[in-house]
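What follows is a set of notes on a single structure, which appears directly below.
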Amino acid sequence: MIALIDCNNFFASCEQVFQPQLAGKPLVVLSNNDGNVIARSSEARKLGIGMGVLAGSVREFVRSHELQIRSSNYPLYGDMSSRVMDTLEALLPRIERYSIDEAFADVSGLSRERLLELFRFVRHRVQRHTGIQVSIGVARTKTLAKVANRLAKRHPELAGVCVGTTTESFGKTLEQMKTRDIWGIGGKISKKLSGFGINNAKQLRDADPAWIKKQFSVVLMRTVLELRGESCLKLEEPEESRKSLMCGRSFGKPLKELEDIRPALTHFVQNAVTRLWKYKQATSALTVYLSTNRFRKNITQRSVSASVELEVTNNLMQLNAAAQRALEQIFKSGFEYHKVGVLLHDFISVKNIPATLFETESGIQASQELMWAVKKINAKFGRYTVASASVSGSADWRARSKFRSPAFTTCWNELPLVRA
DNA sequence: TCTGGGGTCCTAGGACCC
DNA sequence: TCTGGGGTCCTAGGACCC
């Protein structure tokens, strides 16, 4: 049996944990650059505020319903996610961290009653340790666990835990679900399915897998089998899971000059390489992306990328130099650029590389120690206290973030204060 | 004014080989 | 005039997820 543990309204809940005045209020969290809504408290959802709507379109609710607005605060959400995951890991034998707010757990060999008991306890523990509420769905496959989780969220009488041990018990639910609502089925595929007269999840479950494979793909065939209770998607091992790593963001203002874009890229390379170290990986290839704002129809669009192959390395200076060269290759003046980013791929685990392959072991060490020191100082005194030379200078690339709450848990200067 | 960021997996098709 | 066929590897791009 597989369980899916999912944090309710995760980003909004993280904000509410540290700002009790937000509890029970309609609240939305905005994307980078305060562009659109990426999370809503249940009260905001009840107001009819949709996922992904423009920030400007919710302004009326600020006046009429005291809607609260926050910019996204990823250091906070990432840290809260770790706390939730650590709690789950302490209580369950094996979990897969699937996303920032979801985890799968392998829980074979327990009766329905024991599962219910276990997960009611898990839910209570997570709430007590972190202040975050989770919903839990349990079934024979990942895809059905997703369905069970949906039921746990929608039926208050289940108190957040739904265990579906037999496949037949899902029949009625699947009949009422659109194919679009099944995990792994998006807009394109659901449209093509309805062309064949398959409109609900039960019809999909009962379709011929071989035919599905032929008409669609092996991916959708696995979904069909999973809906039938035949597990095709196993829990993934953490060390196998990472294949690439990306860092990039849209700018606060459009940028036209190469020299204005460089510091942004340097910043993203720094961030990406720090994560590379954390995963104990080195890389042998990177790609730099540069593009204009595709939503602005009245400007000339340009979207380009360049890949560079490298000697295996995890050295920040080398990687940044390579990224800057790639940027020079693709940059052309005369465009209003909106976003730059770097993708590191083709990883090799550091422990599998003979030390002699690095030019000097101590050089790597020194570069890493320097970066860790920078990280620590910034964590203590706030972002950008220390940055490499090309990161300082014009700050036009930095995203707008007008409603950002403090980094309550990851920056000493921003710890919440409690007065007694 | 404003339009997210970070991932995975699979497939099709080209290049190349014998 | 005819213009194979099967295999592998690689890359770009599509589709999806949260």
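These figures come from a predicted structure and were not determined experimentally. Letters go in sequence order (proteins before strands), and every chain restarts at 1.
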Quick check on B:dG5: is either OP1 or OP2 less than 4.0 Å from any side-chain nitrogen or oxygen of A:Ser250?
yes

Of B:dC9, C:dC16, C:dT11, the nucleotide closest to the side chain of A:Lys188 is C:dC16

Between B:dT11, B:dG4, C:dC17, which one does the side chain of A:Arg294 approach most closely?
B:dG4

Among the nucleotides B:dT11, B:dT3, B:dG4, which one has an atom lying closest to any side-chain atom of A:Ser217?
B:dT11

Counting side-chain heavy atoms from C-beta on, which of C:dC18, B:dC2, C:dC16 comes nearest to A:Ile189?
C:dC16

Which of C:dC17, B:dG5, B:dG6 is nearest the side chain of A:Lys339? It is B:dG5

Nearest to side-chain heavy atoms of A:Met246, which nucleotide of B:dT3, B:dG6, C:dC18:
B:dG6

The nucleotide from C:dC18, B:dT3, B:dC9 with an atom nearest the side chain of A:Asn293 is B:dT3

Just compare B:dG4, B:dT8, C:dC17 and give me whichever is closest to any side-chain atom of A:Ile38.
B:dG4

Does OP1 or OP2 of B:dC10 have a side-chain N or O of A:Arg222 closer than 4.0 Å?
yes

What nucleic acid atoms does A:His345 come within less than 4.0 Å of, heavy atoms only: base, sugar-phosphate, or nothing?
nothing

Of all the choices, B:dC9, C:dT11, B:dG4, which nucleotide is nearest to the side chain of A:Glu309 once you look at every atom?
C:dT11

For A:Phe216 and A:Phe251, take the nucleotide of DNA chain B holding the closest heavy atom to each; which residue's nucleotide lies nearer the 5' end?
A:Phe251

Which whole number of Å gives the distance between the P atom of B:dG14 and that of C:dG4?
15 Å

Tell me which nucleotide among B:dG4, C:dC18, B:dG5 gets nearest to the side chain of A:Arg249.
B:dG5

Do A:Phe196 and A:Trp211 have ring centroids that are under 6.0 Å from one another?
yes

So for A:Arg59 and B:dT1, does any side-chain atom that can act as donor or acceptor lie under 3.5 Å from a complementary atom in the base?
yes

Quick one: is A:Asn33 getting a side-chain N or O under 4.0 Å of the B:dG4 phosphate, OP1 or OP2?
no

